[in-house]
**Student:** 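Let me give you the structure first, and then I'll get to my questions.
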Amino acid sequence: MVRSMELNFRLKRIKIIGKRRGSKELDLIFGRFIDGNLKELDDPLLHQFEEFLELNESDLYDYFFGNVVPPRKFERIFKKIMGTIASRS
């Protein structure tokens, strides 16, 4: 029960942070990803996504639009997000 409540809190927090980053572009990217994939993420990938969302806006923007490769530790989550973007284009 406590684990379930803890997970629900994490998911709500991620939804708020991911959908209200500040820039419209990142809000759309993360919003689409969250709506379609959040509940399917295993714990390690969910943790990776939480850390990825904590990066500053400028770095995230560069990863998605500036042809800058994100750090290796975010490789799995970045590929998953990009796959979601590609499948909805």
Side-chain angles (χ1 to χ4, degrees):
M1 172 92 167
V2 172
R3 174 119 172 97
S4 176
M5 288 174 51
E6 193 175 290
L7 178 60
N8 285 338
F9 176 77
R10 285 175 73 190
L11 295 176
K12 285 180 184 179
R13 182 178 175 275
I14 289 169
K15 286 179 184 179
I16 292 168
I17 292 170
K19 292 183 175 185
R20 298 180 183 149
R21 297 270 331 161
S23 78
K24 186 173 186 173
E25 295 88 350
L26 291 177
D27 290 350
L28 289 172
I29 289 170
F30 289 130
R32 286 182 181 173
F33 179 74
I34 287 167
D35 289 343
N37 299 279
L38 189 61
K39 292 183 179 181
E40 300 170 11
L41 299 180
D42 60 21
D43 196 57
L45 202 52
L46 186 62
H47 181 71
Q48 192 177 106
F49 187 44
E50 287 173 307
E51 287 185 354
F52 192 66
L53 287 173
E54 290 177 13
L55 297 174
N56 73 53
E57 189 110 356
S58 167
D59 288 340
L60 290 169
Y61 204 88
D62 286 344
Y63 300 150
F64 287 110
F65 305 108
N67 297 320
V68 175
V69 178
R72 186 162 170 79
K73 76 180 204 170
F74 297 119
E75 184 176 350
R76 281 185 63 213
I77 195 64
F78 186 73
K79 284 183 179 179
K80 191 149 182 76
I81 294 168
M82 293 303 287
T84 299
I85 293 169
S87 71
R88 294 192 179 192
S89 298

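From a predicted model like this one, the values you see are computed outputs, not experimental measurements.
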**Student:** Do Phe74 and Ile81 come within less than 4.5 Å of each other through their side chains, counting heavy atoms only?
**Tutor:**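 With C-beta onward as the side chain, the pair stays apart.
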**Student:** Between Leu60, Ile17, Leu38, which is the residue that forms a side chain to side chain contact (heavy atoms under 4.5 Å, CB included) with Phe30?
**Tutor:**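 Looking at Leu60, Ile17, Leu38, the match for Phe30 under the side chain to side chain contact (heavy atoms under 4.5 Å, CB included) is Leu60.
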**Student:** In this structure, would Leu28 and Ile14 fall into the same cluster of hydrophobic residues linked by side-chain contacts under 4.5 Å?
**Tutor:**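 The answer is no; the residues belong to distinct hydrophobic clusters.
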**Student:** Should Ile29 and Arg21 count as side-chain neighbours, where that means a heavy-atom distance under 4.5 Å?
**Tutor:**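 In short, these two side chains do not touch, never coming nearer than 4.5 Å.
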**Student:** Take Phe64 and Glu25 through the test side chain to side chain contact (heavy atoms under 4.5 Å, CB included) and record every step on the way to the result.
**Tutor:** CA-CA 10 Å; Phe64 287 110; Glu25 295 88 350; over 6 Å; no
**Student:** Please answer: with hydrophobic residues joined when any side-chain heavy atoms are less than 4.5 Å apart, are Leu11 and Leu45 in the same cluster?
**Tutor:**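 Yes, one cluster joins them.
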**Student:** Can you tell me if Gln48 uses its side chain to pair, donor with acceptor, with the backbone of Lys73 under 3.5 Å?
**Tutor:**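 Yes: the side chain of Gln48 pairs with the backbone of Lys73.
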**Student:** What pairs meet the salt bridge (charged side-chain N to carboxylate O under 4.0 Å, His left out) rule with one or both residues in residues 75-87, with sequence neighbours excluded?
**Tutor:**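 Output for this query lists Asp42-Arg76, Arg72-Glu75, Glu75-Lys79.
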**Student:** What's the shortest heavy-atom distance between Asn56 and Asp59, and which atoms?
**Tutor:**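 Nearest pair, atom of Asn56 first, then Asp59: OD1-N, 2.8 Å.
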**Student:** Listed by chain and number, what are the salt bridge (Lys or Arg N to Asp or Glu O under 4.0 Å) partners of Lys19, not counting sequence neighbours?
**Tutor:**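 Expected list: Asp35.
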**Student:** For Asn67, enumerate each residue passing the side chain to side chain contact (heavy atoms under 4.5 Å, CB included) test, keeping only those at least two apart in sequence or located in another chain.
**Tutor:**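 Side chain to side chain contact (heavy atoms under 4.5 Å, CB included) list for Asn67, sorted by chain: empty.
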**Student:** Just jot down the ring pair (Phe, Tyr, Trp, His ring centres under 6.0 Å) partners of Tyr63, sequence neighbours excluded, or say none.
**Tutor:**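 With sequence neighbours excluded, Tyr63 shows a ring pair (Phe, Tyr, Trp, His ring centres under 6.0 Å) to no residue whatsoever.
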**Student:** Evaluate the criterion side chain to side chain contact (heavy atoms under 4.5 Å, CB included) for residue pair Arg13 and Leu53; output intermediate values, then yes/no.
**Tutor:** CA-CA 11 Å; Arg13 182 178 175 275; Leu53 287 173; over 6 Å; no
**Student:** About how many Å separate CG of Leu7 and NZ of Lys12, when rounded to the nearest 0.5 Å?
**Tutor:**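 These two atoms lie 11.0 Å from each other.
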**Student:** Name all residues meeting the side-chain hydrogen bond (donor to acceptor under 3.5 Å, both in side chains) criterion together with Asp62; count only those two or more places apart in sequence or in a different chain, and write none if there are none.
**Tutor:**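 Checked Asp62 against side-chain hydrogen bond (donor to acceptor under 3.5 Å, both in side chains); zero matches.
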